[in-house]
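Shown next, in structure tokens, is the structure this report addresses.
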Amino acid sequence: MPFRKEVEPAPLVVVQGFLGGAGLAWDRHIKTFGDQTFVDRKIIIPSLGAVSSLHDRACELYFSLVGGTVDYGAEHSALHNHGRYGRTFSHGLYPMWSKENPLHFLGHSVVSLLPSFRYYPYAETYQGGPTLVKLQHLLANGQFGEEAHPDMVLSLNAGKRVFVKRIYAKLICSPFRGTQLVYTLGESITSAPNVRPFSVGAFLAKIVHIMAYFSPFLPAIIDVHADARALSCREASFLSFLKQLWKSDWAESKDATPYDMTFKAMEERESLFEGRAYPNSFYRSLVSTLTCRSRPHSRVDRRASLLSFLRGLSLEVCLLRITSRSIRSFNYDILRPIPSFLSLKSSTTEARHASEYKDSDGVVPSFSQWHPLPVTKCRHSAAVHRCFFEESPTNSNDVYPIPGTWIVTTVDGTHHLSLVPGLTKSEDSYQRAFWTDLGHWLKAVDASRA
């Protein structure tokens with residue numbers, strides 16, 4: 001029998017998302033729900049800008065891992081009128097990142113509630129999945145130098161030093177192609193990135209500016225990473241602070257998360273083929289939907305109905321059902337410009353009534369959770385009811401890691417916050433099943449390196 005080399009489990013990088021850094025007891029959560037598959041795996045949780053654009057967050061992610069001063073790029077910083085350089089990471093969280101030491105990434109939407117820089121003995125993640133897509137795109141376009149160019153990796157040229165051999169990203173409820181909800185919350189329907197006055201988005205922008213202005217006196221856990229924008233009280237006058245509260249140059253720009261979640265921004269990214277799958281990377285997305293089109297087995301019908309009723313009584317589910325109705329009733333006709341995915345259907349009427357554009361997890365429509373780009377190499381497994389997933393997570397769908405291919409799994413009866421710990425006990429069984437599934441999947445990807 002041939003000897004098979006044992007490979008040390010690749011670390012898992014947890015990337016924070018929109019409004020990240022608010023903090024939750026993830027270490028306690030992982031110790032409760034993580035199984036033995038995570039015992040030997042290092043978990044890295046970098047701190048990124050809470051409301052920064054995908055470009056800025058991807059740059060911060062790269063330099064937080066390898067170390068050094070964050071460089072947003074001369075062209076990008078000049079275009080968006082902020083400093084080229086951000087903070088300096090004197091000690092990278094994983095400076096040995098290389099083809100011999102690849103990394104796993106796990107992300108969730110653009111909504112995150114995670115603590116800042118920490119290591120956990122075993123762990124999971126919540127992030128902005130599009131940040132990881134942007135990171136790989138920037139690597140492909142030489143943002144971090146020739147040595148970090150993914151094409152050097154694809155050639156398998158072991159004679160040269162490269163930074164990434166293989167990226168594995170498991171992305172959960174991620175708005176790869178935007179979401180209608182960003183317009184509901186305040187983004188202009190016809191003139192994004194403008195924000196409607198007195199909207200939720202305008203209110204959040206004021207909160208962020210207050211946090212940035214008083215950042216020298218606030219705990220690191222609510223750090224908004226505005227170093228390159230000179231918004232703190234030590235760099236900006238009180239008058240300029242008041243002007244930003246009246247109309248935010250940051251929030252109403254193309255260099256912020258809200259704009260990146262619009263369909264207009266999605267069109268711009270996809271026109272550059274951002275999000276294409278690379279042959280040496282593994283991709284998997286978990287799609288959540290409040291709609292239950294799949295049916296549980298008869299023997300769990302009663303339990304499923306009861307649990308579904310109890311979950312529906314919780315505050316977060318009630319709120320998500322309201323936002324889900326907003327997504328379902330959204331009128332695409334008033335958008336300017338009209339998204340190109342409507343033209344992919346035989347008629348705009350067919351597109352408006354297609355279930356993938358109406359079904360959602362309460363924050364992101366189903367089609368946007370699948371993968372970037374309308375056409376890519378992918379495998380969609382049949383949707384499974386959450387009861388099936390909870391009873392047998394590793395056998396709920398017949399999918400295996402395939403490099404260069406998006407593996408899409410849909411779990412019915414789940415929502416955008418189903419995997420957030422501590423909200424409700426009714427989600428414990430689903431969270432435990434998710435961890436089990438994730439652990440086995442990561443092991444399978446690691447085995448391919450042996």
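Only a predicted model underlies this, so the values are computations on that prediction, with no experimental measurement involved. Throughout, residue positions are numbered sequentially from 1 according to the sequence presented.
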Looking only at heavy atoms, which two atoms of [X] and [Y] are closest? And how far apart?
X    : Y    : answer
D361 : V364 : OD1-N, 2.7 Å
P372 : V133 : CG-CG2, 3.9 Å
E268 : S271 : O-OG, 2.6 Å
H225 : D223 : N-OD1, 2.9 Å
S326 : T184 : OG-OG1, 2.9 Å
T131 : L48  : CG2-CD1, 4.5 Å

Give a yes or no on whether the backbone of [Y] and the side-chain of [X] come within a donor-acceptor separation of less than 3.5 Å.
X    : Y    : answer
S237 : S240 : yes
S288 : T414 : no
S191 : S188 : no
S53  : T257 : no
S368 : G178 : yes
Q369 : T410 : no
R234 : S215 : no
E252 : N194 : no
D437 : A433 : no
Q136 : G275 : no

Spacing of [X] atom [atom1] and [Y] atom [atom2] [to the nearest 0.5 Å]:
X    : Y    : atom1 : atom2 : result
M261 : Y259 : CE    : OH    : 11.5 Å
I189 : D333 : CD1   : CG    : 11.5 Å
Y85  : T69  : OH    : OG1   : 8.5 Å
S47  : L61  : OG    : CG    : 11.0 Å
K358 : F330 : NZ    : CZ    : 11.0 Å
T323 : R325 : OG1   : CZ    : 11.0 Å

Salt bridge (charged side-chain N to carboxylate O under 4.0 Å, His left out) against E267, all qualifying residues, sequence neighbours excluded
none

Please tell me if the side chains of [X] and [Y] come closer than 4.5 Å, counting only heavy atoms from C-beta onward.
X    : Y    : value
Y283 : C378 : no
F241 : C233 : no
V408 : S285 : yes
P401 : W441 : yes
Y278 : R276 : yes
W250 : V51  : yes
V195 : E187 : yes
I407 : H380 : no

So F144 and Y62, would you call those rings parallel, tilted or perpendicular, with 30° and 60° as cut-offs?
parallel

Set out, in order, the CA-CA distance, both residues' side-chain angles and the distance that settles side-chain contact (heavy atoms from CB on, under 4.5 Å) for F176 and M266, then state yes or no.
CA-CA 8 Å; F176 299 113; M266 174 269 292; over 6 Å; no

Here's a test for you: under side-chain hydrogen bond (donor to acceptor under 3.5 Å, both in side chains), which of R84, H82, E60 qualifies with Y72?
E60

Checking V411 against F434 for the side-chain contact (heavy atoms from CB on, under 4.5 Å) test, could you report, in this order, the C-alpha distance in whole Å, the side-chain angles of both residues, the deciding distance, and whether it holds?
CA-CA 11 Å; V411 182; F434 169 80; over 6 Å; no

When you look at NZ of K206, are more than 12 heavy atoms from neighbouring residues, nucleotides or ligands closer to it than 6.0 Å?
yes

CA sep, side-chain torsions, deciding dist, call: W370, E356, side-chain contact (heavy atoms from CB on, under 4.5 Å)
CA-CA 10 Å; W370 291 345; E356 62 264 32; 3.7 Å; yes

What donor-acceptor contacts under 3.5 angstrom involve side-chain atoms of residues 73-81, with partners at least two apart or in another chain?
| unit_1 | atom_1 | unit_2 | atom_2 | d |
| --- | --- | --- | --- | --- |
| H76 | NE2 | D56 | OD1 | 2.9 |
| H76 | NE2 | D255 | OD1 | 3.1 |
| S77 | OG | G73 | O | 2.8 |
| S77 | OG | A74 | O | 3.1 |

Any ion pair linking D260 and K254 (charged N to carboxylate O, less than 4.0 Å)?
no

Might you work through the side-chain contact (heavy atoms from CB on, under 4.5 Å) test for I338 and Y332, ending with a clear yes or no?
CA-CA 7 Å; I338 298 176; Y332 289 100; over 6 Å; no

